[in-house]
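Numbered from 1 within each chain, the chains take letters A, B, ... in sequence-line order.
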Amino acid sequence: MEAFINGLSAISPQNTFAEEKLLQEPGEYCDVRFIKCLEPQYSGFIDPMAARRMSRIIKMGVCSAIKCLKDAGIRNPDAIITGTGMGCVEDTGKFLISIYENDEKLLNPTPFIQSTHNTVGASIALALKCNNYNNTYGHRGFSFESALLDAMMLLQEKQACDILVGALDELTPDLFTITDRLGFWKKVPVNNLCLKDSKSRGSIAGEGTAFFALSRHKSEKSLARISSVMTFFRPENITELQNRITSIGKPDLVILGINGDPQGDEIYSHLRKGIFNDIPALYYKHLCGEYDTSSAFALAMASGIIREQRVPDIMKLDDIPVGELRNILIYNHLRNVNHSAILVTSC
Amino acid sequence: MEQLVQKLKEEIITALNLSEMKPENIDEKAPLFVDGLGLDSIDALELTVLLEKKYGLKIQTSEEGKKVLYSVRSMAEFIRENNKG
């Protein structure tokens, strides 16, 4: 089971949407507890009459999807599959507040209609006038991986040739407040580029969208190939985790989901001392923050690294020499519940 | 009446997030849907909510809705005729 990545586009707290080369000018955020996306100009990507109704995450999702397809030279994909942990939170918040404030009466339809997890997938289909397979996965830390698995199975079964797969999650003030109460985020602001050295509990919140044009066929536009996607729920111990990860094969480089929370990062430390001890390691959450579908940002980074055969210094965790990059393993976990591994290979 | 039309135009711009539109760009007699402003069925629901929230007026039937929501002028006439308070 494999899929060629023939185009990608990501909107993130880094300048990923506009930069042609990977992380040319890494974004530094001083004294932050969350980082938010650098939004592009939407005109040129989204019809203004449609955009007026869209929340920020819908605009970001549709815009990155359209750019991804343009880059891949695809007008109408055979399927649109999205993954999102939290869906369209801003509209959900508006709708719930409206219910509360108006005593469950006179509710505006737009936030209700746009509050679902599949709003972005549907909005992309409307923009493209695409009536093909359209599915959205809302599986917390597995959301993006589930979308990828669905796409790869469709490609393997030859039910589709070109598929648009994407991930999206937004951070709103309400979501930050609620998740802050749950202890997800650092209480004291930090510099994002020093995240891995932070000793305090929690991470920094983030958000982003990333879309990939996947195909059964290699083309001159192919950046990389997804060779394997694996998810595992609450592994019992580190041995089980190591056994599962090693079954994917030995990579030339690993990209880890280190998020600056000592408790969760302990797992990565174990792996770096164990199965990854002689493999160059990178991390990425200091660049995008922590969110349910951050592994999609990591996949965009891995694709860029393979294409450019260059590792941005800002992502490095060690000085282990990097040779030819053929296989990159992305390993991430969300609060030790949802663990996933994605193997990205050169074409 | 002219004051009401102007106010209604501003409320419609806010309710439907027509941020690039100014009240003077809206022809009060032009159809709101398909032609004219090019609004759609979701906008019709938003305008129905607007009438009820701001003016306490309910549209009773879909036929009445078609008539009332035809243009800004027809909405203003509906408000003037029914909003005695």
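- Ranked by non-hydrogen atom pairs under 4.5 Å with chain A, the options B:Asp40, B:Leu18, B:Ile42, B:Leu45 are led by B:Ile42.
- Residue B:Leu51: no heavy atom, backbone or side chain, is found under 4.5 Å from chain A.
- Between B:Lys53 and A:Asn108, some side-chain heavy-atom pair lies under the 4.5 Å cut-off.
- Checked against A:Thr84 for a side-chain contact (heavy atoms from CB on, under 4.5 Å), the options A:Thr209, A:Asp292, A:Thr136 give a single hit: A:Thr136.
- Taking CG of A:Leu126 as the start and CG of A:Asn131 as the end, the distance is 9.0 Å to the nearest 0.5 Å.
- For the atom pair CZ of A:Phe34 and CG of A:Leu171, the computed distance is 6.5 Å after rounding to the nearest 0.5 Å.
- Heavy atoms of A:Ile113 lying under 4.5 Å from chain B belong exclusively to its side chain.
- When each of B:Leu39, B:Asp43, B:Leu50, B:Thr48 is scored by its heavy-atom pairs under 4.5 Å with chain A, the top score falls to B:Asp43.
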